[in-house]
Amino acid sequence: MCGSLALALTSACSAVDPEAVTIARCPDATEFEHVSPFVEASCGTLDCHGDPPRPMRVYGKAGLRLDASDISGGDATTPAERDATMRSLCALEPERSADTLAGRLAPEALLIVGKGRGEVEHKGGALMHAGDDADRCMTSWLSGAADLAACDRVAGP
Amino acid sequence: MKTHPSCPEASVHLRAWMAALVLAAVACGDPMLDDRINRLGGEQPGVRRGPNHRPGQPCLVCHSSAGDGEGPEMSVAGTIYQKPDRDIPAQGARVDITDASGEIWTVWSNCAGNFYVTAERWQPLFPLHVQVTHPWVTEVLPMESKIGREGACASCHALQAGPSSAGRVYLVDDPAAPDWPWPICEDDD
């Protein structure tokens, strides 16, 4: 009885309707070139989100490298690394990120903003504050139109 | 916990599994930490356990509240070498650590290149910024990135640089520079 119930549940779960699948869009990849330096410097050290087991994984020159032949602290961040970082950020809450991009959800409701502001438990503390350049950079990018000037001001060295 | 009325044995099995999992967790401690400690290997021959032992290893794996409980609990600790590809310790390097509150703590490396701050003396507020100076090096050497949460330098600065390691902490970039004399640790065998 229990075996057949389990089988029935398994069958029901595996019957995915491809028409019902939602493709979660990420924010703009070109604009992320301006966002990435802040994310790398603030979040991507090897002991934080540059640590491979972490769900939100940040790649870059001073942190984790994507290519096994690169070394931390070596050559500049590559386009592939920026892309991998962006996908990692986007994959934290794909549906909610897509809702933010579509204007249905405020960026402040996303975990990445709550953690970054320190409003949600975050071992790294508050890295940005509502309305400052770092915050404007992140929330505007997540909303689909990055404030590039704000991003460039917090890009770091 | 609710169970399906026609599956009473499932409830019994589930409880047994949960009890076994709880027992296993209590009995084994932290298997990931145990694995990290085991992978550090044994002590170097001729080096006593103490401030000079295990240079280049991530000190806080053992020297933390979660560690093996032997020796002092440390908040920040690491090893400094002369060159990126040699094991010559940099004795007498000054390490200035600035925490998020602006407090600065200064320590010096010993004959093994090791330095440490005990948690009893200072528990810094992360992130930290670090710079190193040495009497034989003219410039101040600041760490390029901040330290977000990890007090053991070697966790990110493994001896070999790679995609997830910045390599050892060193003071002289030029491989052709003369080697410094190897310091003698007089309290070792």
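Throughout, a chain's letter reflects where its sequence line sits, starting with A, and its residues are numbered from 1.
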Worksheet item: Would one find more than 12 heavy atoms of other residues, nucleotides or ligands at under 6.0 Å from atom CZ of A:Arg54?
Response: yes
Practice prompt. Taking heavy atoms only and a threshold strictly under 4.5 Å, list by residue number the residues of residues 88-109 of chain B that touch chain A; give 'none' if the list is empty.
Written response: none
Practice prompt. First locate atom OG1 of A:Thr45, then atom CZ of B:Phe126, and finally report the distance between them rounded to the nearest 0.5 Å.
Written response: 10.5 Å
Worksheet item: Are B:Trp122 and B:Leu60 connected in the hydrophobic side-chain network, where two residues link if heavy atoms are under 4.5 Å apart?
Response: no
Worksheet item: Would you find more than 12 non-hydrogen atoms of other residues, nucleotides or ligands less than 6.0 Å from B:Glu43 atom CD?
Response: yes
Item to complete: Among B:Pro127, B:Gly148, B:Ser145, B:Ala152, single out the residue with the greatest number of heavy-atom pairs under 4.5 Å to chain A.
Response: B:Gly148
Discussion item. Looking only at heavy atoms and a cut-off of under 4.5 Å, which of A:Leu46, A:Leu64, A:Asp51 has the most pairs with chain B?
Written reply: A:Leu46
Item to complete: Mind checking the CD-SG spacing from B:Glu150 to A:Cys48? Nearest 0.5 Å is all I need.
Response: 9.5 Å
Discussion item. Is it the case that over 12 heavy atoms from other parts of the model lie below 6.0 angstrom from the CZ atom of B:Phe115?
Written reply: yes
Item to complete: Please list, in residue-number order, every residue in residues 114-130 of chain A that has a heavy atom less than 4.5 Å from any heavy atom of chain B; write 'none' if there are none.
Response: A:Lys123, A:Leu127
Item to complete: Determine which residues belonging to residues 158-177 of chain B lie within contact range of chain A, meaning some heavy atom pair is under 4.5 Å apart, and list them by number or answer 'none'.
Response: B:Ala161, B:Gly162, B:Pro163, B:Ser164, B:Ser165, B:Ala166
Fill in: Heavy-atom contacts under 4.5 Å, residues 66-98 of chain A to chain B
A:Asp67, A:Ala68, A:Asp70, A:Ile71, A:Ser72
